[in-house]
There are 2 protein chains.
Amino acid sequence: MAQRAGVPLSAVKYYQREGLLPAGARSAPNQVAYGEEHVRRVRLVRALLETGGLSVAATKDVIAALDAEAAPLARTFQVAQHAMGARRVQESAPSGAARARVEALAAARGWCVTSDNPGFEAAARALDGLRSIGFDPPQEYLDAYAAAAGTAAAADLQALSGRGERDAVAELMVVGTVLGDPLFAGLRRLAQQDATRDAFPAPARGGRR
Amino acid sequence: MAQRAGVPLSAVKYYQREGLLPAGARSAPNQVAYGEEHVRRVRLVRALLETGGLSVAATKDVIAALDAEAAPLARTFQVAQHAMGARRVQESAPSGAARARVEALAAARGWCVTSDNPGFEAAARALDGLRSIGFDPPQEYLDAYAAAAGTAAAADLQALSGRGERDAVAELMVVGTVLGDPLFAGLRRLAQQDATRDAFPAPARGGRR
DNA sequence: CCACTTCGGATACCTTCACTATCCGAAAGT
DNA sequence: ACTTTCGGATAGTGAAGGTATCCGAAGTGG
């Protein structure tokens, strides 16, 4: 099973220990049968850990939310969002001013959000970081980012429609939430290089001229 | 100085050891004078480490590129982008198919990029993660993300214009590159909650009904 | 002038995280 | 009966990001 998922056996054992993977069906007292769903689950865990950058503990919460069949899908979404916020511990709380600015931005766009949304903290911390080097982002800057976020979120939800099964929807919801960030990050780097080419002279190759 | 920057003294010493902070001006054989620029630098380092999620080694590269006055700004941008790709070691290379899809996406949008842009790897890995759970992103999905990335990148470059000094521009470029990701991530979570509210029934508060 | 504090620098140590290696007992195959 | 293989448990590993301690030189008060 570990081979089928492309993961070292020791890592699979570790995930089971940590509660990230359910025990397989006992076929014999010392044999466990794993089906395709287990392989799929291992790959999901790896995607969240490796590409998504989540911690094992955060991944555990997400998995638990996925398996809570009774919970509404919106609740699963919430857990996935909170798990992403907790990728690192010991993060200082953002300033009130930064948070207020993010709240104003959300209100201006008519977003209906709750104040416990971890996006507030994340965005406010980023604003604090920009402020700390003396950059107070102009409104156009924030508006552009908010518009981009809206575009991506709409695409995320669009992708969910038309997928009938509850499990498939929940899984995609979680993975999309987590992997959307690195996807955007990569594409932004590409777009930045293109934009930089227009704004600055190309660096001279092989020395200065 | 550590107090002024809001960082434990031991951490500042550690950063100096690791080459993230330059030595201060010696005012006496056992006294070192720190100016406002040092405090600023400490805050920059903290923003990259804590909010940006960079490793100490990656931050060191970025700092070095910032201080290389002779280097063209485009080069500084490159280093910042590469540093972000290296936030975690031991990441497996993405599949060729995923990378090809990202390349096609960039070509379709007319982006002029080099193949060593770390954004390719990052985006392709995210696509692999989505594929691994059986989600093959439709073209509209990728187009939406690419459009969002273009919007953000344009705002990033816009913010750079009108800032005369080379140092200020380079610093903002670096911090904007690094902190743009968490800023977007936070805003996307807010937008997602809003979009989810439209697509799914609100979760019942206080129990099931 | 001499104890006493303070500062900077160097070294050793600590904690967490994500694994990895080893050991053991039971069961299946030969 | 004997070897192999499997699952589970326990202990160990290495990197990362700090923290704590020690030491010697410089300034300070009596």
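Below, chains carry the letters A, B, ... as their sequence lines are ordered, and counting in each starts from 1.
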**Request:** Classify the ring geometry between A:Tyr141 and A:Tyr145 as parallel (under 30°), tilted (30 to 60°) or perpendicular (over 60°).
**Result:** tilted
**Prompt:** The side chain of B:Arg17 lies closest to which of these nucleotides: C:dT20, D:dA20, C:dA18?
**Reply:** D:dA20
**Request:** Could you work out which one of C:dA18, C:dC19, D:dG7 sits closest to the side chain of A:Tyr34?
**Result:** D:dG7
**Message:** Rounded to whole Å, how long is the line connecting atom CD of B:Glu50 with atom C1' of D:dA16?
**Reply:** 15 Å
**Prompt:** Just how far is it from atom CG of A:Leu157 to atom OG1 of B:Thr196, taken to the nearest 0.5 Å?
**Reply:** 4.5 Å
**Prompt:** In whole angstrom, what separates A:Lys13's NZ from C:dT20's P?
**Reply:** 12 Å
**Asked** What's the CG-P distance between B:Leu48 and D:dG17, to the nearest Å?
**Response** 13 Å
**Distance-minimising heavy-atom pair for A:Arg4 and A:Arg43** = O-NH1, 3.5 Å
**Asked** Hey, are A:Asp167 and A:Arg40 close enough for a salt bridge, meaning a charged N less than 4.0 Å from a carboxylate O?
**Response** no
**Message:** Let's see if you can work this out: which of D:dT19, C:dG9, D:dG18 has an atom nearest to the side-chain heavy atoms of B:Pro8?
**Reply:** D:dT19
**Message:** Does C:dC19 have OP1 or OP2 under 4.0 Å away from a side-chain N or O of A:Tyr15?
**Reply:** yes
**Request:** Rounded to the nearest angstrom, tell me the gap between atom CG in B:Leu20 and atom C1' in D:dA16.
**Result:** 13 Å
**Prompt:** For A:Leu9 and D:dC6, what is the distance between atoms CG and P respectively, to the nearest whole Å?
**Reply:** 9 Å
**Prompt:** For B:Tyr14 and C:dC14, what is the distance between atoms OH and C1' respectively, to the nearest whole Å?
**Reply:** 13 Å
**Request:** Mind calculating the distance between CG (B:Leu49) and C1' (D:dA16) to the nearest angstrom?
**Result:** 11 Å
**Prompt:** Of all the choices, D:dG7, D:dG17, C:dG9, which nucleotide is nearest to the side chain of B:Gln16 once you look at every atom?
**Reply:** C:dG9
